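Inspection log for the structure reproduced underneath, given as structure tokens.
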Amino acid sequence: MKNFTVLLLMSVVALLIDPSHQLSRHRNLSEIVEKRRSSVERKPKEWTPPSISTQNSSALNHLYAQEGLQENDKIISLPGQPKDVTFAQYSGYVTVDSKAGRALFYYFAEASQNPNTKPLLLWLNGGPGCSSFGVGAMTELGPFRVQPDGATLSSNPYAWNQVANTLFLESPAGVGFSYSNTTSDYENANDDNTARDSYTFLLNWFERFPQYKNREFYIAGESYAGFYVPELADTILKNNNSRTSFINLKGVMIGNGIINGETDHCGRIDYVWSHALMSDEDYANERCSASNSTYQTDIHTFHAQLQSYMGEINPYNIYALLCPSHPNPIWRSSISTDATLANGLDGYDPCTPGYVLTYLNTPKVQSALHANVTSLPYVWTECSNVLSYNSLDVTTMLPVYQRLIAARLRILVYSGDVDATVPVTSTRYSINALNLPIEKAWYPWMDGNIDVGGYSVIYKGLIFATVRGAGHQVPSDQPSRALTMTKYFLAGKPLPS
Ligand SMILES: *[C@@H]1O[C@H](CO)[C@@H](O)[C@H](O)[C@H]1NC(C)=O
Ligand SMILES: *[C@@H]1O[C@H](CO)[C@@H](O)[C@H](O)[C@H]1NC(C)=O
Ligand SMILES: *[C@@H]1O[C@H](CO)[C@@H](O)[C@H](O)[C@H]1NC(C)=O
Ligand SMILES: *[C@@H]1O[C@H](CO)[C@@H](O)[C@H](O)[C@H]1NC(C)=O
Ligand SMILES: *[C@@H]1O[C@H](CO)[C@@H](O)[C@H](O)[C@H]1NC(C)=O
């Protein structure tokens with residue numbers, strides 16, 4: 001715990017002195033993944049959902065009047081957006097604690113066709129501390145992509161609002177445009193407070209958008225949201241009563257998410273070795289059972305070691321070309337071929353985060369989004385530099401998965417198979433630890449007639465799917481496969497064989 005706090009403080013200091021941090025795709029997730037591993041001193045620790053309605057600081061005390069706010073939040077038009085936008089967009093703040101002055105920012109893109117009958121899907125990015133709007137909506141599954149000029153938007157042909165009404169929440173306060181007037185909230189960020197605030201957000205948001213009450217509702221997310229998503233689902237189930245049952249939660253989708261410290265760790269070592277990123281000798285030393293792994297020494301040494309084995313590649317997609325103009329060397333490549341072409345990844349431009357940074361820091365864009373947290377201009381960053389996230393020592397989501405399975409939620413755990421931070425091996429080891437009976441054994445699933453999208457196993461209570469050729473951020477790298485997978489998931493159908 002102490003080490004973890006020190007680590008976070010160090011990264012905050014590092015961020016402050018390193019101007020390139022604003023473009024860094026994520027916080028150093030890998031260390032956070034490893035901190036979840038239990039050890040001799042660290043017993044596996046479970047998570048307990050907060051009981052909202054029985055506490056003084058209860059979400060039900062934080063229900064605020066929402067009349068007229070839906071109309072206020074309507075986006076007339078985003079600067080530079082394409083001409084033919086047919087769906088409604090909203091964004092703004094939902095106060096989750098008026099005394100502290102804490103408000104969460106959301107962006108909502110309604111379905112491009114038949115929004116009245118399509119389900120509602122909430123998307124959460126991880127980090128912890130990264131923006132669901134700037135990363136999730138603007139570089140992954142949202143309706144637009146920012147162009148290299150940082151000023152115009154193009155349509156994303158694989159946007160998930162073709163199959164759902166898509167809600168992006170910047171969580172917790174201190175991330176993206178979300179804020180608190182009580183700065184100590186930023187130091188008290190942890191899984192409990194995040195789940196509580198996200199739940200309070202939902203109760204208020206449904207009051208603001210009452211037409212979505214009782215609508216089929218799904219929660220999706222990636223990376224550290226491997227903790228956020230099951231935790232929020234667990235909180236919804238635990239606090240379900242006659243006043244809250246309009247949250248018609250049907251299922252969850254988790255992509256390259258952390259699940260269980262021990263298996264996440266072992267899966268990484270095995271992935272790095274089996275993808276020719278580490279020598280046999282180093283593997284023998286670092287492997288899970290090795291008593292003299294640098295992991296046993298300390299987490300910093302272990303990570304420095306892992307990074308030195310792999311070299312300066314993008315650990316979130318080991319085969320991607322890096323952005324040549326990126327200020328942070330870890331994301332840069334000396335190879336100057338056409339990045340998107342060489343990537344072979346359905347045209348995803350690895351410099352996109354830089355374009356998003358420019359776009360979201362344009363005052364007229366912030367005004368159009370109603371994102372005026374303080375006086376304009378407000379400096380938006382992809383991952384927060386004000387938050388110090390406290391891990392609460394929780395190491396595993398396996399018991400939470402068991403509760404979600406018992407509640408008969410639809411669960412899809414998917415994994416882009418070229419990510420080295422939360423790799424597919426980690427996800428498989430973690431699912432294996434659940435010991436679920438197999439209902440349909442491993443099979444290739446198809447995106448259309450000729451393209452194998454990945455592989456799937458249907459367990460009793462949970463579907464596992466890989467996405468071929470995708471890194472940590474599946475909808476960026478393989479947008480067509482990601483959309484197909486989501487479409488089948490929302491329809492409650494197995495991926496097509
Ligand atoms: C935070 O403080 C500002 C300035 O006083 C105020 O306008 C805003 O409403 C406060 N935010 C919340 C959520 O109360
Ligand atoms: C909440 O409780 C109601 C009434 O018992 C039930 O019909 C509904 O399915 C529950 N909601 C969830 C998300 O489990
Ligand atoms: C421990 O590390 C040393 C030196 O790095 C190596 O020679 C030895 O084989 C390792 N032992 C085990 C059990 O992996
Ligand atoms: C992660 O942290 C370790 C140790 O602080 C560092 O050596 C490594 O370069 C970091 N990786 C990235 C991708 O920033
Ligand atoms: C903030 O947003 C509100 C509502 O959209 C608007 O009335 C106000 O002028 C904005 N303030 C600034 C500083 O842009």
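Throughout, residue positions are numbered sequentially from 1 according to the sequence presented. Counting starts at 1 for both ligands and their atoms, following the listed order. Remember, predicted model here, so these are calculated numbers, not experimental data.
Atom CD of Gln402 has more than 12 heavy atoms from other residues, nucleotides or ligands within 6.0 Å.
Within a 4.0 Å radius of atom 10 (C) of ligand 2, the protein contributes at least one heavy atom. Protein heavy atoms are absent from the 4.0 Å sphere centred on atom 5 (O) of ligand 2.
Residue contacts with ligand 1, taken as heavy atom pairs separated by less than 4.0 Å, involve Tyr179 solely via side-chain atoms from C-beta onward. Only side-chain heavy atoms of Leu237 come within less than 4.0 Å of ligand 2; its backbone N, CA, C and O stay farther off.
Taking every heavy atom of Ala103 and a limit of under 4.0 angstrom, the matching atoms of ligand 1 come to 13 (C).
Taking the six-membered ring for Trp and the full ring otherwise, the centers of Phe105 and Tyr179 sit at least 6.0 Å from each other.
Smallest separation of non-hydrogen atoms from Gly221 and Val229: N-CG2, 3.8 Å.
Distances between N or O atoms of Asn181 and those of ligand 1 include at least one value under 3.5 Å. At least one N or O atom of Asn240, backbone or side chain, sits closer than 3.5 Å to an N or O atom of ligand 2.
Between Leu122 and Phe217, the closest side-chain pair of non-hydrogen atoms falls below 4.5 Å.
Side-chain contact annotation: Asn125 with Glu140, donor-acceptor N/O pair under 3.5 Å present.
Without hydrogens or angle criteria, Tyr389 side chain to Asp191 main chain gives a donor-acceptor distance under 3.5 Å.
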